[in-house]
Amino acid sequence: MTERTGCCVVGGGPAGMVLGLLLARAGVEVTVLEEHHDFLRDFRGDTVHPSTLRLLDELGLGERFAELPAAHMAQMRIQVGGTTVVMADFRRLRPPHRHVAMVPQWDFLDLLATAAAEEPTFTLRMGSEVTGLRTDATGRVTGVRYRDDGGVEHELAAPLTVGCDGRWSVVRRAAGLRPVGFEVPMDVWQVRVAKGGTAADGEVFGRFGGGQAAVTMDRGDYYQAAYLIPKGSDGARRAEGLPAFRRRVAELFGWSDDQLEQVRSWDDVKLLRVEMNRLRRWYRDGVLCIGDAAHAMSPVGGMGVNLAVQDAVAAARHLAEPLRRGRVPTSALAKVQRRRALPVAVAQRSQRGEHELLLRPALDGTLDEEALPLLLRLLLRLLRRFPVLSGLTGYLGGVGVRPEHAPAFARRPRATSRR
């Protein structure tokens with residue numbers, strides 16, 4: 001028997017949960033299908049940017065969010081060779097949110113799921129793996145096929161299916177939407193390291209040079225370190241042995257053997273295979289992709305979650321009324337892409353510039369402290385001489401181009417704190 005909903009959202013990540021919440025507040029019957037049984041995944045995007053914090057305030061969720069365990073990132077410093085600069089200073093942003101919140105993504109998603117569940121038209125189905133799309137005789141997408149956690153096959157009919165299922169999107173592939181890829185110089189190893197005296201509270205600290213590149217983030221009880229390796233070199237690097245890796249990280253950040261005790265085996269070193277791409281067209285009749293499904297981001301700057309959330313807000317604003325009518329023309333889907341295409345292009349252009357200017361030469365050992373590339377040397381000099389520029393980079397990274405505000409139908413007064 002075919003089930004029915006007003007909008008099928010595939011993927012319960014930040015984009016999917018924000019979109020589901022907003023559409024439910026618009027009175028749209030919305031069903032979110034999430035493949036996993038819970039939100040507990042390690043080393044997912046845990047950064048909540050100032051524009052997203054403002055959105056939560058507009059949705060009446062700011063006080064609930066403030067109760068979650070979080071570290072606040074106020075600055076990002078980098079050291080290139082022997083030169084240290086503040087690359088981004090969020091303290092220069094307008095109040096009240098002059099920081100990036102570092103919150104476990106599962107806590108953030110749980111908050112969104114709880115708020116959405118308060119809406120009578122919202123349904124979240126965990127353990128529901130989408131296996132394909134339904135189409136009619138004209139080729140229009142009319143919903144999805146999915147498998148529940150008992151292995152039972154289902155069909156869910158919907159006027160619109162939104163793919164929020166990440167960089168390996170099943171929806172995107174089934175819809176025949178093909179991304180254009182960009183070359184990236186690195187993959188990333190993620191590890192946890194015990195607190196020590198490396199970075200001041202509320203900072204991110206990156207070090208680049210000598211054939212190495214890494215960034216460490218203060219997570220309150222520990223540091224989360226992202227160690228960059230040349231693209232595709234995971235197997236060869238692991239073959240060198242764990243002691244070699246621990247030694248390199250210790251040299252970069254001055255960490256002691258005691259701090260690195262948590263890195264006991266290669267199981268503690270999680271690989272992120274970096275992909276960067278975007279769709280030329282985010283939609284076809286009856287289906288739309290947003291977030292990483294439409295534009296996989298580099299981890300540089302931690303922009304992926306923020307862009308995905310902003311996509312969801314724009315989609316809700318443009319699609320709520322057509323969904324209430326039960327028919328979404330492709331012109332409405334095109335409006336979502338037009339609204340979000342510029343911010344995505346700007347962010348990816350910035351990331352690609354950092355790849356080529358800083359990360360690639362750092363990893364291949366050509367980032368010579370005595371002869372830095374002219375453009376990089378000029379950038380570092382300007383940031384040191386004019387600290388106000390770090391506020392501009394903080395704005396571009398923390399708020400971005402064309403930030404989205406909650407539509408009127410989704411706004412709520414400030415909620416009373418809950419425990």
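The shown structure was predicted, so the numbers you read here are calculated from the model rather than taken from an experiment.
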Assess the residue pair Leu379 and Val85 against the criterion (side-chain contact (heavy atoms from CB on, under 4.5 Å)); give the C-alpha distance rounded to whole Å, side-chain angles, the decisive distance to 0.1 Å, and a yes or no. CA-CA 10 Å; Leu379 175 62; Val85 299; over 6 Å; no
I would like to know whether Arg324 and Glu29 meet salt bridge (charged side-chain N to carboxylate O under 4.0 Å, His left out); could you show each step before the answer? CA-CA 9 Å; Arg324 282 193 289 253; Glu29 184 182 3; over 6 Å; no
When you look at Arg278 and Val180, which way does the side-chain contact (heavy atoms from CB on, under 4.5 Å) test go after all the steps? CA-CA 6 Å; Arg278 69 173 177 260; Val180 176; 5.6 Å; no
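A side-chain contact (heavy atoms from CB on, under 4.5 Å) with Leu383 is found for exactly one of Leu392, Leu389, Val388, namely Leu389. Residue Asp234 is tested with Arg238, Lys231, Arg237 for a side chain to side chain donor-acceptor pair (under 3.5 Å); the sole match is Arg238.
Considering only residues two or more places apart in sequence or on other chains, His97 meets the ring pair (Phe, Tyr, Trp, His ring centres under 6.0 Å) condition with none of them.
Minimum interatomic distance between Pro361 and Glu356 (heavy atoms only, all atoms of both residues): CD-O, 3.3 Å. Annotation for Val48 and Leu53: closest pair CG1-CD2, 3.7 Å, computed over non-hydrogen atoms. The shortest heavy-atom contact between Gly291 and Asp311 is N-OD2, 2.9 Å. A pairwise comparison of heavy atoms in Arg94 and Arg98 identifies O-CG, 3.6 Å as the closest pair. Of all the heavy atoms in Pro50 and His99, the pair that sits closest is CG-O, 3.2 Å. Nearest heavy atom pair, residue Ser51 against residue Asn306, reads OG-OD1, 2.8 Å.
Salt bridge annotation for Arg412-Glu58: absent, with no cationic side-chain nitrogen under 4.0 angstrom from a carboxylate oxygen. A salt bridge links Arg125 with Glu3: the distance from a Lys NZ or Arg NE/NH1/NH2 to an Asp or Glu carboxylate oxygen falls below 4.0 Å. Ion pairing between Arg25 and Glu119 holds under the 4.0 Å rule for side-chain N and carboxylate O. Arg352 and Glu183 are not joined by a salt bridge, as no carboxylate oxygen comes within less than 4.0 angstrom of a charged side-chain nitrogen. For the pair Arg325 and Glu321, the salt-bridge criterion is met [side-chain N within less than 4.0 Å of a carboxylate O].
With Asn277 contributing its side chain and Pro179 its backbone, the two residues share no donor-acceptor pair below 3.5 Å. Here the side chain of Glu34 pairs a donor or acceptor atom with the backbone of Gly12 at under 3.5 angstrom. Judged by distance alone, with hydrogens and angles left aside, the side-chain atoms of Arg411 form a donor-acceptor pair with the main-chain N or O of Ala406 at under 3.5 Å. With hydrogens and angles ignored, the 3.5 Å screen pairs a side-chain donor or acceptor of Gln351 with a backbone N or O of Val300. One N or O on the side chain of Asp187 and one on the backbone of Val274 form a donor-acceptor pair closer than 3.5 Å. Looking only at distances, a side-chain donor or acceptor of Gln337 sits under 3.5 Å from a matching main-chain atom of Trp282. A donor-acceptor pair under 3.5 Å is formed between the side chain of Thr47 and the backbone N or O of Gly302. Looking only at distances, no side-chain donor or acceptor of Thr135 sits under 3.5 Å from a matching main-chain atom of Arg140. When atom types are taken as modelled, the side chain of Ser256 and the backbone of Gln259 share a donor-acceptor pair closer than 3.5 angstrom.
No donor-acceptor contact under 3.5 angstrom links the side chains of Gln348 and His295, judged on distance only. Defined by atom type and a distance below 3.5 Å, a donor-acceptor pair is missing between the side-chain atoms of Thr131 and Arg147.
If you take CZ on Arg145 and CG on Leu156, they are separated by 12.5 Å, rounding to the nearest 0.5 Å. To the nearest 0.5 Å, the span separating OG1 on Thr393 from CG on Asp89 amounts to 8.0 Å. Rounded to the nearest 0.5 angstrom, Arg281 CZ and Leu288 CG are separated by 11.0 Å. Leu252 contributes atom CG, which lies 12.5 Å from atom CZ of Arg247 (distance to the nearest 0.5 angstrom). For the atom pair Arg349 CZ and Leu342 CG, the distance stands at 14.0 Å (nearest 0.5 Å). Atom CZ in Arg77 sits 4.5 Å away from atom CZ in Phe205 (nearest 0.5 Å).
Side-chain contact between Val162 and Val10 is absent, with no heavy atoms from C-beta onward closer than 4.5 Å. For the pair Val130 and Asp165, the minimum side-chain heavy-atom distance is 4.5 Å or more. Counting heavy atoms from C-beta on, the side chains of Gln262 and Asp268 never come closer than 4.5 Å. Residues Arg360 and His355 form no side-chain contact, since every pair of their non-hydrogen atoms from C-beta on lies 4.5 Å or further apart. Between Leu56 and Arg64 there is no side-chain heavy-atom pair separated by less than 4.5 Å. The shortest side-chain heavy-atom distance between Arg317 and Glu404 falls under the 4.5 Å cut-off. Side-chain contact between Cys289 and Arg172: present, with at least one pair of heavy atoms (C-beta onward) separated by less than 4.5 Å. Here the side chains of Ile78 and Arg207 are not in contact, with every heavy-atom distance at 4.5 Å or above.
Aromatic ring orientation, Phe65 versus Phe108: perpendicular (interplanar angle above 60°, classes split at 30° and 60°). Between Trp189 and Phe245, the ring-plane angle classifies as perpendicular under the 30° and 60° cut-offs.
Surrounding CZ of Arg178 are at most 12 heavy atoms belonging to other residues, nucleotides or ligands under 6.0 Å away. The number of heavy atoms from other shown groups lying within 6.0 Å of CZ (Arg402) is above 12. In Arg273, the CZ atom is not crowded: 12 or fewer heavy atoms of neighbouring residues, nucleotides or ligands sit closer than 6.0 Å.
Figure legend: cation-pi geometry between Arg192 and Tyr222, with NZ or CZ positioned under 6.0 Å from the six-membered ring centre and within 45° of its axis.
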